[in-house]
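In what follows, a single structure is set out as structure tokens and then discussed.
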Amino acid sequence: MPELPEVETTRLGLLPHVRGQRIERVTVRERRLRWPIPANFTDLLQGTTVSNIIRRGKYLLWDCERGSSAINHKHEGMDSGFMLSHLGMSGTLRVLSSATPVAKHDHVDIEFANKVLIRFNDPRRFGAMLWIAGRDMVHPLLDVLGPEPLSEAFTAQHLFKASRGRSVSIKEFIMNGHVVVGVGNIYAAESLFRAGIHPQRAAGKTSLLRYEKLVDAIRETLQDALRAGGTTLRNYVKTDGEQGYFQLDAAVYGRNGDACRICGTPIRLMVQGQRSTYFCPRCQH
DNA sequence: CGAGAGTCCTGAAGGC
DNA sequence: TGCCTTCAGGACTCTC
């Protein structure tokens, strides 16, 4: 269940192994992900050099450059572009060595000139691997995204203005990627608790002052998780991606019936927008 | 346009 | 022990 901190940690774990490396071979065993992997995906990627990996929300954008000399005739006419990957619910991208045996749900392999193997495993297949042609990173999935929560563009003013006239609950509002990216179910609940805001409060009737608290809370919550994720980076090559949420010490998530750490009131569970929400009925208004 | 439900998928967990 | 049902969850896509 990767959210922004997990995706960013994945990016940082991958980067030193693939940056500046040429893709020698791509193997697709299962194309049926969130959307089908394009038929020419293998040809598009092979022979390119990954110059960087950029994160946008929970998407990773692999900058794949193709030299103009067109040494490989098979790929003549093909251009540079970005490989877009998303981990979905259950996806992992691991750094392995070439000969690692294939396991269940190992859908895609990307092998580099330095013998590094990046392997995408995704049991639930909610993840994605797509291609964005050209140098401009223009894609319908990216064009609609809200600001990065850790950027200066993410402000209380932005949330306040975007929420006017909206009747959705504040929790569903901040989980909407068009409003702000990277805030999933767990971090939404944790952030609202930290800000003292009831998850059912109407987004459109939430004051600027509350949004100021919420912006701070989201930043702090994500940064705490990123810090915890940093500790898993050291042995990233060995990790199987199952380390979960960095042993995040959740204040409310998954703690239904347990005592609130602030006031002792039992944490409550409810369903909002087909998602479970945990909150403290006394601390959050 | 916004709100709300539906959809994809597998593995884990719960009931009997 | 084992089968069956339910649920979880990101985020697009559909319907109204």
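The chains referred to below are lettered A, B, ... by the order of the sequence lines, with proteins before strands, and numbering in each begins at 1.
At whole-Å resolution of the value, CG in A:Asn176 and P in B:dG2 are 9 Å apart. When the P atom of C:dG10 is taken as reference, atom CG of A:Leu142 falls 19 Å away, rounded to whole Å. Nucleotide C:dG10 holds its C1' atom 16 Å from the CZ atom of A:Arg56, rounded to whole Å. Here C:dG10 presents its P atom at 5 Å from CE of A:Met175, a figure rounded to the nearest Å. Between A:Leu145 atom CG and C:dA11 atom C1' there is a gap of 11 Å when expressed in whole angstrom units. The nearest whole Å value for the distance from the CZ atom in A:Phe173 to the P atom in B:dG4 is 14 Å. Across the protein-nucleic acid pair, A:Arg125 atom CZ and C:dG10 atom C1' stand 16 Å apart, rounded to whole Å. As rounded to whole Å, 20 Å separates atom P of B:dC1 from atom CZ of A:Arg164.
Listed pair A:Lys104 / B:dT10 fails the phosphate criterion, with no side-chain N or O lying under 4.0 Å from OP1 or OP2. OP1 or OP2 of C:dA11 has at least one side-chain nitrogen or oxygen of A:His86 nearer than 4.0 Å. Applying the 4.0 Å criterion to OP1 and OP2 of B:dA3, one finds that A:Arg166 has a side-chain N or O inside that range. In terms of phosphate contacts, A:His105 brings a side-chain nitrogen or oxygen within less than 4.0 Å of OP1 or OP2 of B:dG11. The side chain of A:Trp35 contributes no N or O atom lying less than 4.0 Å from OP1 or OP2 of B:dC9. Within the structure, a side-chain polar atom (N or O) of A:Ser167 is placed less than 4.0 Å from OP1 or OP2 of B:dA3.
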Next item on the list: Decide yes or no on side chain to side chain contact (heavy atoms under 4.5 Å, CB included) for A:Thr27 and A:Val108, but give the supporting numbers first.
Entry: CA-CA 6 Å; A:Thr27 306; A:Val108 179; over 6 Å; no

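Using a 4.0 Å heavy-atom criterion, one finds that A:Leu141 contacts the sugar-phosphate atoms exclusively. Across all strands shown, A:Tyr59 has heavy atoms under 4.0 Å from sugar-phosphate atoms exclusively, and none from any base. Residue A:Arg32 is out of contact with every strand shown, counting any heavy-atom pair closer than 4.0 Å.
Taking the ring axis of A:Phe160 as reference, the NZ or CZ atom of A:Arg164 stays within 45° of it and closer than 6.0 Å to the ring centre.
Both geometric conditions, a ring-centre gap below 5.5 Å and a plane tilt below 30°, are not fulfilled together for A:Phe126 over the base of C:dA11.
Nearest to the side-chain atoms of A:Gln274 among the listed nucleotides B:dA5, C:dG10, B:dT10 stands B:dA5. Closest to the side chain of A:Arg124, from the set B:dA3, B:dC9, C:dC12, is B:dC9.
A:Thr206 places none of its side-chain heavy atoms less than 4.5 Å from the side chain of A:Ser163.
Side chain of A:Arg125 to main chain of A:Arg32: a donor-acceptor pair is present (N/O by atom type, distance under 3.5 Å, no hydrogens or angles). Side-chain atoms of A:Gln284 do not come within 3.5 Å of backbone N or O of A:His198 as any donor-acceptor pair.
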